[in-house]
Number of protein chains: 2
Amino acid sequence: MVGIKRGGFMRLSTRGRYGLKAMYQLAIHYGEGPIPLKSVADRQNLSENYLEQLVSVLRKEGLLNSVRGAQGGYMLAKPPENITVGDILRILEGDIAPADCVIDGGYECENEKSCVTKTVWIKIRDSIDEVIDSITLQDMLDKRQRNEKNFIDWED
Amino acid sequence: MVGIKRGGFMRLSTRGRYGLKAMYQLAIHYGEGPIPLKSVADRQNLSENYLEQLVSVLRKEGLLNSVRGAQGGYMLAKPPENITVGDILRILEGDIAPADCVIDGGYECENEKSCVTKTVWIKIRDSIDEVIDSITLQDMLDKRQRNEKNFIDWED
DNA sequence: TTATACCCTACTATTTTTGTCAACATTCCA
DNA sequence: TGGAATGTTGACAAAAATAGTAGGGTATAA
Ligand code: FES
Ligand code: FES
């Protein structure tokens with residue numbers, strides 16, 4: 001391949017992007033009982049089947065509860081202030097890893113003990129960690145409240 | 001696909017990883033005239049042909065100069081203190097973009113004006129920007145000097 | 001008992017990444 | 001002057017990751 005990569009970098013996959021949006025949507029309706037996934041998928045124009053795969057993992061990891069059958073659906077297993085963006089993204093995407101050598105058990109180059117490049121990856125990783133671990137779903141809801149003063153009735 | 005993604009996220013491709021290593025290697029030999037790519041590739045056990053593609057882009061973007069023919073090679077076009085990690089990564093990987101909507105001209109969801117999720121992507125992007133723009137090749141060389149006191153004669 | 005909705009697994013299509021290869025152009029040096 | 005070293009370019013291909021599709025099963029409310 002020739003030329004500059006088109007896509008940009010440090011991109012999340014749809015797993016993390018759809019997943020966070022879905023969790024945010026469920027946070028909006030926290031306390032209202034189970035919300036069917038179909039309504040979330042419709043609201044965001046996503047494949048319900050695909051979203052189901054993501055949500056299923058979030059449930060197994062304890063971030064969501066589910067109720068089967070008619071009138072069933074999903075709901076947050078914890079209050080929005082106890083769920084961070086980092087919790088969600090790590091479950092759906094794995095650990096943050098600009099390069100393999102910053103993962104446990106990952107490959108390290110021969111000079112790992114004094115590898116300067118590795119220190120760069122570590123700084124990037126730590127800075128992302130700090131951001132995603134500091135934002136909770138409740139923070140996002142608060143932000144929404146402030147926005148609502150200007151833009152009414154959206155994203156319910 | 002089922003289960004948690006294996007690879008981890010926010011990963012750089014080999015383009016960025018090989019590219020930064022190569023630039024660092026050339027920084028080590030800054031001022032010594034052109035360095036053949038073969039020596040860089042050998043040192044890092046990379047395909048010379050593949051590395052050539054990356055280096056070629058860095059040259060076109062003005063970060064490297066080249067000299068053709070025998071005794072030729074590549075060298076930094078600017079002093080190491082004037083080249084940042086961000087310069088290199090953006091050329092090889094494109095702009096930082098956790099999601100499309102933080103790129104110019106990228107897709108935005110219907111609520112882009114007040115999209116809360118977008119503010120999360122922006123915070124992630126900004127935090128990465130800050131890290132990679134603050135590290136120069138000279139910083140990496142300095143770090144190397146300090147390491148050399150403990151681990152002699154490596155990565156030349 | 002029927003419609004709704006979660007649950008699970010397998011399969012497929014598409015895109016991106018990671019190279020390989022071959023032919024060519026320029027320069028040094030013996 | 002000729003050949004070895006080195007950069008230049010573009011086409012092609014293999015491999016991996018991503019993004020979905022499809023469909024059958026199970027539990028529950030009404
Ligand atoms: S140990 Fe990761 S780049 Fe050296
Ligand atoms: S505008 Fe990007 S997620 Fe809404």
Side-chain angles (χ1 to χ4, degrees), chain A residues 1-19 21-22 26 33-42 44-61 64-75 77 92-94 97 99-100 107, chain B residues 1-19 21-22 26 33-42 44-61 64-75 77 92-94 97 99-100 107:
Chain A
M1 182 245 192
V2 146
I4 297 180
K5 196 170 105 168
R6 296 167 206 288
F9 80 115
M10 293 280 157
R11 183 183 307 275
L12 287 132
S13 71
T14 54
R15 293 172 63 83
R17 288 187 280 117
Y18 295 178
K21 277 212 148 191
L26 292 173
I35 309 293
L37 202 55
K38 182 165 181 2
S39 77
V40 177
D42 283 354
Q44 299 178 3
N45 213 25
L46 303 177
S47 149
E48 188 183 348
N49 274 325
Y50 187 49
L51 190 55
E52 197 155 70
Q53 293 179 34
L54 311 183
V55 158
S56 153
V57 179
L58 292 168
R59 181 184 58 82
K60 284 173 187 157
E61 296 290 324
L64 291 177
N65 288 332
S66 63
V67 175
R68 276 158 63 133
Q71 322 305 317
Y74 290 94
M75 48 201 172
L92 292 173
E93 305 256 12
D100 281 335
Y107 165 83
Chain B
M1 181 244 191
V2 145
I4 299 180
K5 196 172 105 168
R6 296 166 206 288
F9 80 113
M10 293 279 156
R11 182 182 307 276
L12 287 132
S13 72
T14 54
R15 293 171 64 84
R17 288 189 278 117
Y18 295 178
K21 278 211 149 191
L26 293 173
I35 309 294
L37 202 56
K38 184 169 182 357
S39 76
V40 177
D42 283 355
Q44 298 178 5
N45 212 26
L46 303 178
S47 149
E48 188 185 348
N49 276 322
Y50 186 48
L51 192 54
E52 182 87 43
Q53 292 180 34
L54 312 183
V55 158
S56 154
V57 179
L58 293 168
R59 179 183 59 83
K60 284 173 188 157
E61 296 290 325
L64 293 176
N65 289 332
S66 62
V67 176
R68 271 150 76 124
Q71 322 307 315
Y74 290 94
M75 49 201 173
L92 292 173
E93 305 255 12
D100 282 335
Y107 165 83

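Order of the sequence lines sets the chain letters (A, B, ...), proteins ahead of strands, with each chain counted from 1.
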Asks: Tell me whether A/E93 contacts the main-chain N or O of A/S13 through its side chain, where contact means a donor paired with an acceptor under 3.5 Å.
Replies: yes
Asks: Need one value for B/L54: base, sugar-phosphate or nothing, where a base atom within 4.0 Å counts as base even if backbone is also close, heavy atoms only.
Replies: nothing
Asks: Given C/dA5, is OP1 or OP2 found less than 4.0 Å from the side-chain N or O atoms of A/R59?
Replies: no
Asks: So, is B/Y74 close to the D/dT8 phosphate, meaning a side-chain N or O under 4.0 Å from OP1 or OP2?
Replies: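 Affirmative; the distance criterion is met.
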Asks: OP1 or OP2 of D/dT8 versus the side-chain N and O atoms of B/S66: is any pair under 4.0 Å?
Replies: yes
Asks: Tell me what A/V55 touches on the nucleic acid: a base, only sugar-phosphate, or nothing, going by heavy atoms under 4.0 Å.
Replies: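 Touches nothing.
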Asks: Taking side chain to side chain donor-acceptor pair (under 3.5 Å) as the test, write out the residues that go with A/Y50, two or more places apart.
Replies: A/T14
Asks: So what is the end-to-end bend of the helix from C/dT1-D/dA30 to C/dA30-D/dT1, with 5 pairs used at each end and the value given to 10 degrees?
Replies: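 Angle reported: 10°, given to the nearest ten degrees.
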Asks: Using the test side chain to side chain contact (heavy atoms under 4.5 Å, CB included), find all partners of B/R68 that sit at least two apart in sequence or belong to another chain.
Replies: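 For B/R68 there are no side chain to side chain contact (heavy atoms under 4.5 Å, CB included) partners, ignoring immediate neighbours.
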Asks: Test of understanding: with side chain to side chain donor-acceptor pair (under 3.5 Å), list the residues that count as partners of A/Y74, not counting sequence neighbours.
Replies: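 None.
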Asks: Which letter, B, S or -, goes with each nucleotide of nucleotides 21-26 of chain C from 5' to 3', with contact meaning a protein heavy atom under 4.0 Å?
Replies: B---BB
Asks: For D/dA19, does OP1 or OP2 lie under 4.0 Å from any side-chain N or O of A/S47?
Replies: no
Asks: If you check the B/R17 side chain, which of C/dT18, D/dT21, C/dC6 turns out closest?
Replies: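 Between C/dT18, D/dT21, C/dC6, the one nearest the side chain of B/R17 would be C/dT18.
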Asks: Quick check for you: among C/dC7, D/dG7, C/dA5, whose closest atom lies nearest to any side-chain atom of B/E52?
Replies: D/dG7
Asks: Would you tell me if any nitrogen or oxygen in the side chain of B/S13 comes within less than 4.0 Å of OP1 or OP2 on C/dT17?
Replies: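 No, B/S13 has no side-chain N/O under 4.0 Å of OP1/OP2 on C/dT17.
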Asks: Ignoring backbone atoms, establish whether A/Y18 has a side-chain N or O less than 4.0 Å from OP1 or OP2 of D/dA19.
Replies: no
Asks: Which residues satisfy the side chain to side chain contact (heavy atoms under 4.5 Å, CB included) test with B/E48, sequence neighbours excluded?
Replies: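 Result, side chain to side chain contact (heavy atoms under 4.5 Å, CB included) vs B/E48: B/K38, B/A41.
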